[in-house]
Structure formats: C-alpha cells, structure tokens
Amino acid sequence: MEDLMLPCLNKSIFGIDCLGCGTQRAIVLIGQGEFVKAFYMFPAIYTLLLFFGAVILNFIDLSRNYHKIMIGLAITNAFIMVASYILKMFFLT
C-alpha cells in the first residue's frame with residue numbers, strides 16, 4: 001500500500017513535513033482498524049472525516065443548512081493541525 005501513496009511534495013522539496021503529512025497513512029490505518037495509531041499518525045483525522053461527512057450531507061440534504069457545522073469543524077481541524085504540527089516540529093524529535 002505504501003507504493004500507491006502520493007509523496008509529500010513539501011517534504012520532497014524542502015525536507016520538512018507539511019500540515020497534512022500523515023493523512024494518507026492515517027486513512028489506511030483506519031481501514032485496517034488501527035484507530036489509535038491513525039490518531040497518532042494524524043491527530044485531525046477524525047474531525048476531518050466528520051468535516052467531509054458534513055460536506056456530503058450538505059450536498060445530499062438540501063433542506064437543511066450545514067454551514068455552521070462545516071465552519072466549526074473547519075476551524076477545529078485547522079487548530080488541531082497547527083497544534084499537532086507545532087508539537088511534532090518543535091517538541092517531539
């Protein structure tokens with residue numbers, strides 16, 4: 001499965017991880033049932049899945065408005081991604 005994953009362009013060019021590094025591997029780990037390992041690989045994976053679920057619901061269920069939920073989840077994702085990136089880059093070596 002590792003052979004089929006896209007390489008991180010930021011990591012290949014600059015040698016440092018990007019905010020989304022680990023997303024593909026976390027999705028594969030969820031598919032394999034390794035939920036805790038997926039969280040450690042990419043902490044925002046579960047809120048990201050909720051966000052995409054809300055986006056899909058927004059397109060399917062046109063009678064309801066999911067914009068507030070999507071905005072809240074987007075802000076939560078951004079916060080988790082930045083916080084985990086800072087922890088990974090500066091405190092966890």
Side-chain angles (χ1 to χ4, degrees):
M1 191 58 126
E2 291 277 330
D3 298 333
L4 301 175
M5 291 187 188
L6 297 172
C8 177
L9 186 63
N10 190 49
K11 193 169 186 172
S12 352
I13 294 174
F14 301 113
I16 57 172
D17 290 344
C18 68
L19 289 174
C21 276
T23 308
Q24 292 180 84
R25 290 174 293 201
I27 291 171
V28 169
L29 286 170
I30 287 175
Q32 295 172 348
E34 301 285 343
F35 302 110
V36 176
K37 287 182 182 179
F39 176 77
Y40 284 121
M41 181 65 62
F42 185 68
I45 188 67
Y46 296 113
T47 54
L48 188 66
L49 292 176
L50 286 174
F51 174 75
F52 284 126
V55 169
I56 291 169
L57 277 175
N58 188 45
F59 285 113
I60 293 173
D61 186 10
L62 299 176
S63 63
R64 295 187 182 176
N65 189 357
Y66 293 97
H67 295 291
K68 288 183 182 178
I69 294 171
M70 289 190 304
I71 290 171
L73 286 170
I75 291 170
T76 304
N77 277 329
F79 177 75
I80 292 171
M81 288 171 73
V82 169
S84 65
Y85 183 76
I86 289 171
L87 284 173
K88 183 172 30 170
M89 287 292 116
F90 299 110
F91 297 108
L92 303 175
T93 54

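No hydrogens, no waters, no symmetry mates; every other heavy atom, side chains included, goes into these values.
The structure places CE of Met70 at 4.0 Å from CG of Asn58, a figure rounded to the nearest 0.5 Å. To the nearest 0.5 Å, atoms CD1 (Ile80) and OG1 (Thr47) are separated by 4.0 Å. In this structure, Thr23 OG1 and Leu6 CG are separated by 11.5 Å, a value rounded to the nearest 0.5 Å. Of the inter-residue distances, the one linking Ile16 atom CD1 with Asn10 atom CG reads 5.5 Å to the nearest 0.5 angstrom. Put simply, CD1 on Ile45 and CE on Met81 are 9.5 Å apart, with the number rounded to the nearest 0.5 Å. Leu49 CG to Ile30 CD1: the interatomic distance, rounded to the nearest 0.5 Å, is 5.0 Å.
Checked by atom type and distance alone, the side chain of Tyr66 never pairs as donor or acceptor with a backbone atom of Asp61 at under 3.5 Å. For Tyr85 (side chain) and Cys21 (main-chain N/O), no donor-acceptor pair under 3.5 Å exists by modelled atom type. With hydrogens and angles disregarded, a donor-acceptor distance shorter than 3.5 Å links the side chain of Asn77 to the backbone of Leu73.
When hydrophobic clusters are built by joining Ile, Leu, Val, Met, Phe, Trp and Tyr residues whose side-chain heavy atoms come closer than 4.5 Å, directly or via intermediates, Leu57 is grouped together with Leu48. The cluster map of Ile, Leu, Val, Met, Phe, Trp and Tyr, joined by side-chain heavy atoms under 4.5 Å apart, puts Leu9 and Leu19 in the same cluster. Taken together through direct or relayed side-chain contacts under 4.5 Å among Ile, Leu, Val, Met, Phe, Trp and Tyr, Leu50 and Phe39 form part of one hydrophobic cluster. Criterion: ILVMFWY side-chain heavy atoms under 4.5 Å apart, direct or through other members. Under it, Tyr46 and Phe52 are part of a common hydrophobic cluster. Hydrophobic clustering, with ILVMFWY side chains joined whenever heavy atoms are under 4.5 angstrom apart, groups Phe35 together with Phe51.
Other members of the cluster containing Ile71 are Ile75, with ILVMFWY side chains joined at under 4.5 Å, either directly or via other members.
Nearest heavy-atom pair, Phe42 versus Ala26, reported as atom, atom and distance to 0.1 Å: CB-CB, 3.8 Å. The minimum heavy-atom distance linking Cys8 with Ser12 is given by the pair O-OG, 2.6 Å.
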